[in-house]
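Below is one structure, written out as structure tokens; the observations come after it.
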Amino acid sequence: MATDNGIELPDGFSSASDYAAEVKRVYSPYAFLAQMHIVDFLVRPHWELLDVEWRDYFMSSEFDISKLIPLATHGQTDEACPHSLREFVSKMFSLQFPRQRIGDQGTSEERELVLKYFVDGMSEKKREEVVDLAALVGHVARDTGSDLVVDVGAGQGYLSRVVAYGRADAPRVLAVDFAEGQKRGAEVHQRRTLKRLKGKRAVAEGYQGPRYLESRLVHRVLRVDLESAGELATAAREEAGSGRWMLCGLHACGD
């Protein structure tokens, strides 16, 4: 169902606030899952944090590692899967956003310029993710009248730079990450990108970015979780002023 501002929500939700409240309610008991990192399983007792039924199932002869792909991709479970795990998977899939491709994905010439000036340090996989998502974020920002995009977990700023500088009608971007080192790295990349975009070659090749490039993208160190969500909202409102703002994020680790 689409809200008044055009956001397409999963079935059963009529407002973004109702959806957000349900996500928080469902997510809270399982928040620890987001803090698990695969390498930490060697030194931290992550396995013991899982429900005993889940552990017994994963260790049983009924489970095979090949079942993880259909489970994670389509929510498919078998009869041996514990009820609590089936319920968890079903609820997670009921909360996912519709994933049809929407919006203006840019002309081939615009994509070529983006690939030429914005993708330093990106793998081929990350380039495709960043370029496609930046086009979608820009479309949603224009469609909803959002003057500011808050890039959560911005890392080295790959997505932030494409969103902020990719088009003449690009929104401003507030890039937040909890690591000071990531912020410094993103600012180094930003300076290099701005130097290229201001060069005669970029103009000659048709680059038409927004005015006042330096002020289009601001980086801040901020940890984002359920407890600090209010700080994120405050930072966004301070940066947006009286304008509208929206959130985006991309987990592009791994190749």
**Request:** Specify the closest pair of heavy atoms between P171 and S146, including all atoms of both residues, with the distance to one decimal.
**Result:** CB-O, 4.0 Å
**Message:** Please tell me whether F32 and L95 are part of a single hydrophobic cluster in this structure, the criterion being side-chain heavy atoms less than 4.5 Å apart.
**Reply:** yes
**Asked** Once you round to the nearest 0.5 Å, how far does CG of L232 lie from CZ of R220?
**Response** 9.0 Å
**Prompt:** Looking only at heavy atoms, what is the nearest atom pair of L217 and S160, with distance?
**Reply:** CD1-CB, 3.8 Å
**Fill in**
Output for pair (R44 CZ, H37 NE2), nearest 0.5 Å, gives 7.5 Å
**Asked** Should R191 and E187 be marked as a side-chain contact (heavy atoms from CB on, under 4.5 Å) after you check the CA-CA gap, both sets of side-chain angles, and the distance that decides it?
**Response** CA-CA 6 Å; R191 288 192 292 271; E187 289 172 337; 4.0 Å; yes
**Under 3.5 Å: donor-acceptor pair, side chain of R142, backbone of A170** = no
**Prompt:** Do V130 and R127 touch side chain to side chain, with heavy atoms closer than 4.5 Å?
**Reply:** no
**Complete:** When every non-hydrogen atom of L133 is compared with those of G249, the smallest separation belongs to CD2-O, 3.7 Å
**Message:** Any donor-acceptor pair under 3.5 Å linking the side-chain atoms of D78 with those of Y57?
**Reply:** yes
**Request:** Could you pull out all residues at least two apart from R237 that satisfy salt bridge (charged side-chain N to carboxylate O under 4.0 Å, His left out)?
**Result:** none
**Request:** Could you tell me whether the side chain of V137 reaches within less than 4.5 Å of the side chain of C248, counting heavy atoms only?
**Result:** yes
**Asked** So how far is it from E239 CD to T234 OG1, rounded to the nearest 0.5 Å?
**Response** 13.0 Å
**Request:** May I have the step-by-step check of side-chain contact (heavy atoms from CB on, under 4.5 Å) for Q156 and D177, ending in yes or no?
**Result:** CA-CA 9 Å; Q156 295 287 305; D177 198 276; over 6 Å; no
**Request:** Could you state whether F93 and L68 fall into the same hydrophobic cluster, counting links through intermediate Ile, Leu, Val, Met, Phe, Trp or Tyr residues with side-chain heavy atoms under 4.5 angstrom apart?
**Result:** yes
**Message:** As a test of understanding, state which of V173, L250, V149 forms a side-chain contact (heavy atoms from CB on, under 4.5 Å) with L159.
**Reply:** L250
**Asked** In terms of heavy-atom contacts, does CZ of F178 have more than 12 from other residues, nucleotides or ligands at under 6.0 Å?
**Response** no
**Request:** Heavy atoms only: give me the nearest A236-V150 pair and the separation to one decimal.
**Result:** CB-CG2, 3.7 Å
**Request:** Step through the shown structure and confirm whether more than 12 heavy atoms of other residues, nucleotides or ligands are within 6.0 Å of CZ on R201.
**Result:** no
**Prompt:** By side chain to side chain donor-acceptor pair (under 3.5 Å), which residues pair with Y165, not counting sequence neighbours?
**Reply:** Q190
**Asked** When clusters are formed by joining ILVMFWY residues with side-chain heavy atoms under 4.5 Å apart, either directly or through shared neighbours, do L9 and V23 land in the same one?
**Response** yes
**Item:** Hydrophobic cluster identity match, V218 and L194, side-chain contacts under 4.5 Å
**Value:** no
**Request:** Mind checking side chain to side chain donor-acceptor pair (under 3.5 Å) for E128 and listing every partner two or more places apart, or none if nothing turns up?
**Result:** none
**Message:** Looking at E180 and R184, is any side-chain nitrogen of the basic one under 4.0 Å from a carboxylate oxygen of the acidic one?
**Reply:** yes
**Message:** Determine whether a donor-acceptor pair (N or O, by modelled atom type, separation under 3.5 Å) exists between the side chain of R25 and the backbone of A21.
**Reply:** no
**Message:** Is any side-chain heavy atom of R86 closer than 4.5 Å to one of T77?
**Reply:** yes
**Request:** Take L174 and D151 through the side-chain contact (heavy atoms from CB on, under 4.5 Å) test and state the conclusion after the steps.
**Result:** CA-CA 6 Å; L174 171 62; D151 184 6; over 6 Å; no
**Request:** Working to the nearest 0.5 Å, report the span between CG of L222 and NZ of K183.
**Result:** 12.0 Å
**Asked** Does the pair F97 and F13 meet the rule for a ring-ring contact (aromatic ring centres under 6.0 Å, His included), with working shown?
**Response** CA-CA 11 Å; F97 281 102; F13 296 97; 9.4 Å; no
**Message:** Check this for me: does any side-chain nitrogen of one of E231 and R223 sit under 4.0 Å from a carboxylate oxygen of the other?
**Reply:** no
**Item:** Min side-chain heavy-atom separation W47-R55 under 4.5 Å
**Value:** yes
**Prompt:** Are H189 and Y158 close enough that some pair of their side-chain heavy atoms sits under 4.5 Å apart?
**Reply:** yes
**Asked** Quick one: side chain to side chain donor-acceptor pair (under 3.5 Å) partners of S61, sequence neighbours excluded?
**Response** none
**Message:** Evaluate M59 against F63 for side-chain contact (heavy atoms from CB on, under 4.5 Å), listing each step before the verdict.
**Reply:** CA-CA 7 Å; M59 294 297 291; F63 178 77; over 6 Å; no
**Asked** What distance do W245 atom CH2 and T144 atom OG1 have between them, rounded to the nearest 0.5 Å?
**Response** 12.0 Å
**Item:** Which atom of A186 lies closest to which atom of G155, heavy atoms considered
**Value:** CB-O, 3.7 Å
**Item:** Results of side chain to side chain donor-acceptor pair (under 3.5 Å) for E53 - residues two or more places apart only
**Value:** S84
**same_hphob_cluster(V140, V131) at 4.5 Å side-chain heavy-atom cutoff** = yes
**Asked** Hey, is E22 close enough to K91 for a salt bridge, meaning N to O under 4.0 Å?
**Response** yes
**Request:** Would you indicate whether the side-chain heavy atoms of V26 and F88 approach each other to under 4.5 Å?
**Result:** no
**Prompt:** Of all residues at least two apart in sequence or in a different chain, which pass the side-chain contact (heavy atoms from CB on, under 4.5 Å) check with S17?
**Reply:** S15
**Message:** Side chains of L50 and M36, heavy atoms from C-beta outward: is any pair under 4.5 Å?
**Reply:** yes
**Message:** Working to the nearest 0.5 angstrom, can you tell me the gap between C81 SG and L71 CG?
**Reply:** 6.5 Å
